[in-house]
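Whatever order the structure lists them in is the order used to number ligands and atoms, beginning at 1.
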Amino acid sequence: MVKSRIPAPRRPLLLGACALLGTSALLVACGAPGTPAAAGDAAHRSAPPSASTGTTGTADGTSSAVRPTPDGDRETGAVPGRTPAPPAPGGSTAPASPYASPSSSPSAPGSAAPSASPSASRPATPARPSAPVPASHVLRHTASGGRTVALTFDDGPGPATGQVLDLLAQYGAKATFCEIGGNAQARPAAVRRIVAEGHRLCDHTVDHPQPMHTRSHERQVAEIADARSMIEHAAGDGTPIAWWRAPGGDFTAENERIGADLGMKSLGWSVDPRDWSRPGVQAIVANVQHDLRPGGVVLMHDGGGDRSQTVAALKQLLPWLVAQGYAFDFPQS
Ligand SMILES: [Zn+2]
């Protein structure tokens with residue numbers, strides 16, 4: 001049933017979605033399938049690096065504040081290990097709640113009744129529909145560990161994918177490409193080159209819906225399953241796709257299960273230089289150099305708009321990684 005969908009005609013929807021997103025703070029990697037830079041770009045610009053949410057200014061998507069708008073891959077809540085601390089001030093963000101509540105009523109069994117009332121009043125506060133159950137198996141480390149790094153590129157393939165591949169080849173680096181179904185379908189040659197040169201593929205949905213957790217279960221199944229089919233078809237039937245990455249890192253227990261049922265693990269990241277927002281080449285480079293730790297997974301983009309800064313940053317980062325003794329690896333699977 002899911003596979004019966006016809007991917008091509010869906011592209012227009014994507015653009016529309018991105019346009020809408022552009023009005024808010026999300027935008028991010030609204031990788032417009034098939035649309036080189038236009039849509040994605042517009043979205044990114046309109047969103048001054050999460051001003052609304054109160055991002056700390058850092059180029060990394062760490063600030064939990066960004067959460068409200070699970071946008072592009074600047075995923076906020078996604079920054080796992082390193083950003084656990086900043087419990088959103090307003091705490092209005094959904095993902096945070098699940099962790100907070102438990103501690104409220106410690107150990108008083110009998111006090112259960114009394115505490116009920118206070119907690120009951122809270123539910124009214126959150127305006128959002130329903131708090132999604134957070135995913136619990138998002139991978140954010142390399143397969144081998146040690147002094148290794150896993151480079152990941154989202155929202156492609158796009159016009160810059162060839163340049164990224166050329167650079168990776170120059171340094172003997174392997175990476176993982178989280179592709180949007182429509183883009184893979186539109187650029188099958190790029191997908192095949194990625195595979196032929198030893199890189200790996202990851203499913204990044206068909207339309208890059210954001211926030212993904214607000215979509216119906218059926219829609220999420222289709223987004224993940226259809227993209228998987230489209231990417232595999234472009235790469236060559238039988239090509240393994242071990243991971244899937246939720247747009248904006250919006251992983252939930254629900255969509256994680258969908259991916260798992262399709263044989264894919266949830267791929268997150270540990271370093272987000274926010275290259276999608278085009279903060280400047282040096283900002284991208286400095287962010288990676290500052291945040292990367294052995295075994296880290298770096299998030300960058302080869303699609304979703306003008307990626308010239310990403311390419312320029314990569315030209316500096318690849319030799320730096322080599323000089324630092326890092327070996328290129330794939331994510332855990
Ligand atoms: Zn993306």
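- Under the 30°/60° scheme for interplanar angles, the aromatic rings of Phe153 and Phe177 are found to lie parallel.
- For the atom pair Ser270 OG and Leu299 CG, the distance stands at 10.0 Å (nearest 0.5 Å).
- At a cut-off of 2.8 Å, Asp155 coordinates the Zn ion (ligand 1) through an N, O or S atom.
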List the atom pairs, donor and acceptor, that lie under 3.5 Å between side-chain atoms in residues 318-328 and the rest of the protein, sequence neighbours left out.
none

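- For the Zn ion (ligand 1), the N/O/S atoms of His301 include none lying under 2.8 Å.
- Taking 2.8 Å as the threshold, Cys178 does not count as a candidate ligand of the Zn ion (ligand 1), since none of its N, O or S atoms lies below it.
- Salt-bridge check for Arg245 with Asp154: passed, with a basic side-chain N closer than 4.0 Å to an acidic carboxylate O.
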